[in-house]
Amino acid sequence: MGLVKKKKAAPETAPAPSAPATSARAISDPAIPDGRRDPLTAIEDADASVRRDAAHGLGHAAFPGAEAALARRLQAEGDAGVREAILTALARIGTPDAAAALVPFLDREDAALRNAVLESLQQMPAEVAAAALLPLLDHADADLRIFAVQGLGGLAHPGGADWLKAVMERDTDVNVCLAAVEALAEAGSPEAMTSLEALARRFPDDAFVAFAVDAARASFHGPASAADEPW
Amino acid sequence: MTGTDGSGPRVLVVDDAVTVRAFSRRVLEADGFVVDEAVNGIEGLERAMAAPPDLVIVDVNMRKMDGYTMLRVLRRDPGLRDVPAIMISTESKASDREQALLAGANWYIVKPPRPEVLVEAARLLTGRPLGGEGAP
């Protein structure tokens with residue numbers, strides 16, 4: 001396995017690692033209203049409501065370095081509302097840098113964070129999210145490949161079905177393949193039937209694979225007789 | 001005995017994958033369990049509170065509320081804290097199993113579920129006689 005899930009204690013006011021120096025932007029940047037702090041600084045404030053407002057501000061204005069600042073804060077953030085604001089801001093920014101900043105969080109031990117990150121990636125423009133997720137299909141960790149499949153499966157991208165078919169034909173982990181089956185069945189992709197049949201042949205003794213392939217086949221073409229008792 | 005006649009132990013299957021829910025339903029109903037479904041932890045808790053089941057089977061990774069969080073909430077509820085729980089996940093590392101047990105799971109099954117393993121675990125945790133292959 002290439003990466004190891006990182007345990008993170010996340011007290012509400014934990015400082016982010018390598019927090020940036022206070023910026024002088026607040027005085028000079030016309031994007032910041034009079035009397036308000038620079039969001040790049042405020043995102044590290046001890047008060048959660050200030051951090052939440054800062055995240056909101058960073059998601060609504062083109063601040064250079066916003067993606068890195070938000071991701072840095074997310075590493076240490078323990079307040080659910082601020083987390084949500086950060087993830088919403090990164091999804092709204094929607095740049096390749098924002099997507100790249102989110103991908104490492106898919107490897108965290110915190111299941112709620114992993115799932116929220118995946119949702120944020122799926123809210124980004126499909127081509128941006130796809131570019132960030134596709135490299136994970138080759139990752140040594142099957143759990144990350146599953147996240148990549150789930151993420152790609154939820155994107156409205158013309159390449160989606162082909163990526164998932166390739167996973168079903170090539171990935172050695174049955175759960176990665178099954179994630180692709182689930183995604184394709186939800187998307188309704190009858191052109192994937194050949195790949196589904198190939199998957200059933202690759203795992204001939206797995207009752208769940210047989211069931212999943214039959215269920216996907218039924219969703220494409222209506223119920224098949226083989227689906228009655230797959231094991 | 002069939003699971004659809006309403007007489008067997010009630011199992012709540014909480015998973016965002018429709019295939020897993022359908023597979024679990026088919027396997028468990030064939031063994032006499034009555035199966036209810038939910039698609040995430042929040043819906044799972046709502047259903048469990050409305051009608052406490054005899055067993056919950058919970059996936060780890062789900063939108064809105066993950067399985068660990070759901071189990072932690074379940075274990076704090078006086079009316080549900082004693083409901084046995086199976087956590088089911090693609091994640092097979094020892095640390096994943098440990099995290100599930102810490103959250104309140106009584107059993108851990110790695111996906112894809114094998115029918116005989118699912119049934120034996122469900123029987124064991126609901127106090128029904130075991131038969132066939134042993135539990136994992």
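In the text below, chain A, chain B and the rest are named by the order of the sequence lines, each starting its count at 1. Computed from a predicted model, the values in this text were never measured in an experiment.
Contacts of residues 86-95 of chain A with chain B at a heavy-atom distance below 4.5 Å are absent; not one residue qualifies. Identified by a heavy-atom distance below 4.5 Å to chain A, the contributing residues of residues 54-78 of chain B are V60(B), N61(B), M62(B), R63(B), K64(B), D66(B), Y68(B), in residue-number order.
Here CG of D205(A) is found 11.5 Å from CZ of R114(B). Values are rounded to the nearest 0.5 Å. Atom CZ of F208(A) and atom CG of L118(B) lie 10.0 Å apart (nearest 0.5 Å). Taken to the nearest 0.5 Å, the CG atom of N175(A) stands 8.0 Å off from the OG atom of S89(B).
Contact check for F211(A) versus R26(B): side-chain heavy atoms found under the 4.5 Å cut-off. For the pair L178(A) and K111(B), the minimum side-chain heavy-atom distance is 4.5 Å or more. In this structure, the side chains of T19(B) and V181(A) stay at 4.5 Å or more apart for every pair of heavy atoms.
Sorted by first then second residue, the ring-ring contact (aromatic ring centres under 6.0 Å, His included) pairs that include residues 162-182 of chain A, not counting sequence neighbours, are H157(A)-W163(A).
By the salt bridge (Lys or Arg N to Asp or Glu O under 4.0 Å) test, D16(B) pairs with no residue at all, sequence neighbours left out.
Salt bridge present: R114(A) and E91(B) bring a charged side-chain N and a carboxylate O closer than 4.0 Å.
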